[in-house]
Each structure stands twice: as structure tokens, then as C-alpha cells.
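Structure first, commentary second.
Because the structure is a prediction, the values reported are computed rather than measured.
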Amino acid sequence: MKFLEDEENKVILEVTGETHTICNIIRKRLMEQDNVSAAAYEITHPLIGQPELEVHGSNPKESLITASNTVKEEVAEFKDTLIDAFGE
């Protein structure tokens, strides 16, 4: 991951090695935050393009951390539910 633009109210970062899956869920969790005015991503080439995630808001870096932590908690909860369901 690397920052392509790093401004006070806007960041654009390249999410190397990832796909629509993680970018879309992070975008959704970002848009749930009141301090985020816009969040979007783009993959310019379907085979070799790297996702670029753009976030606008009062503190986009903190918003990314919050969104990432939310997704991490959701994944852990999903994992626990699967383990309970399968009895492992």
C-alpha cells in the first residue's frame, strides 16, 4: 500500500495486491462515518490494475483506520459464527 496523494482532507492510496472485495467493504464502512464526505475506489485495468482508494473527509487517515478496524471485527465475528456452526 502506498499513498498517491496525502492532503489534509483527502487521501488516495494504492491498495497493492487487493481486489474489489476488500476495497468495496472498506468503501462501505468509510461511507458509514459522519466525518467522511466521499469514498470511492477504481481499478483502471481488470488484469494488471491496482485499486486506488480515494477518501475525502475531515480526517481521512483516521477514517481509514476506523473502517479497517470495523472490518476486522466483522471478520472475526463471522469466523466465530462459522466455528460455532460447524462445531469446531
Side-chain angles (χ1 to χ4, degrees):
M1 188 177 310
K2 67 180 177 180
F3 284 97
L4 302 175
E5 287 188 40
D6 186 2
E7 300 174 12
E8 183 179 344
N9 296 320
K10 171 185 161 185
V11 294
I12 300 176
L13 49 116
E14 181 180 277
V15 190
T16 309
E18 295 300 334
T19 63
H20 292 282
T21 304
I22 192 70
C23 293
N24 196 39
I25 192 69
I26 292 291
R27 181 196 60 80
K28 285 183 178 185
R29 295 305 170 258
L30 283 163
M31 289 306 299
E32 292 173 351
Q33 299 177 39
D34 292 335
N35 60 337
V36 173
S37 56
Y41 75 93
E42 177 181 35
I43 301 175
T44 57
H45 190 282
L47 298 176
I48 60 172
Q50 297 298 320
E52 292 182 9
L53 182 63
E54 185 169 339
V55 183
H56 295 256
S58 58
N59 190 342
K61 287 182 179 178
E62 186 62 36
S63 297
L64 279 164
I65 291 168
T66 300
S68 298
N69 285 333
T70 300
V71 171
K72 182 179 175 181
E73 292 168 7
E74 291 171 345
V75 168
E77 182 180 328
F78 182 69
K79 178 184 172 187
D80 292 342
T81 301
L82 282 177
I83 289 170
D84 289 345
F86 296 137
E88 294 183 15

Contacts of Glu8 meeting side-chain contact (heavy atoms from CB on, under 4.5 Å) (sequence neighbours excluded), chain-then-number -> none
Using a 4.5 Å cut-off between side-chain heavy atoms of Ile, Leu, Val, Met, Phe, Trp and Tyr, which other residues end up in the same hydrophobic cluster as Ile12?
Leu4
Which pairs with one or both residues in residues 44-70 pass salt bridge (charged side-chain N to carboxylate O under 4.0 Å, His left out), sequence neighbours excluded?
Asp6-Lys61
For residues 65-82, pull every pair meeting side chain to side chain donor-acceptor pair (under 3.5 Å), keeping only residues two or more places apart or in separate chains.
Arg29-Glu74
Would you sort out whether Asn9 and Asn59 count as a side chain to side chain contact (heavy atoms under 4.5 Å, CB included), showing the intermediate values?
CA-CA 6 Å; Asn9 296 320; Asn59 190 342; over 6 Å; no
Write down the atom of Gln50, the atom of Gly17, and the distance for their closest heavy-atom approach.
OE1-N, 2.7 Å
Distance-only donor-acceptor hits, side chain of residues 34-42, under 3.5 Å, sequence neighbours excluded:
| unit_1 | atom_1 | unit_2 | atom_2 | d |
| --- | --- | --- | --- | --- |
| Asn35 | ND2 | Ser63 | OG | 3.3 |
| Ser37 | OG | His56 | O | 3.3 |
| Tyr41 | OH | His20 | ND1 | 2.7 |

What distance do Glu14 atom CD and Lys2 atom NZ have between them, rounded to the nearest 0.5 Å?
4.5 Å
Side-chain heavy atoms of Leu13 within contact of Met1, under 4.5 Å:
yes
Side chains of Met31 and Lys28: closer than 4.5 Å at any heavy-atom pair?
no
When clusters are formed by joining ILVMFWY residues with side-chain heavy atoms under 4.5 Å apart, either directly or through shared neighbours, do Val11 and Ile65 land in the same one?
no
For Ile48, what are the other residues in its hydrophobic cluster, where any two members join if their side-chain heavy atoms are less than 4.5 angstrom apart?
Leu47
In this structure, would Phe3 and Val55 fall into the same cluster of hydrophobic residues linked by side-chain contacts under 4.5 Å?
yes
Among Asn24, Ile26, Thr19, the one residue meeting side-chain contact (heavy atoms from CB on, under 4.5 Å) with Ile22
Ile26
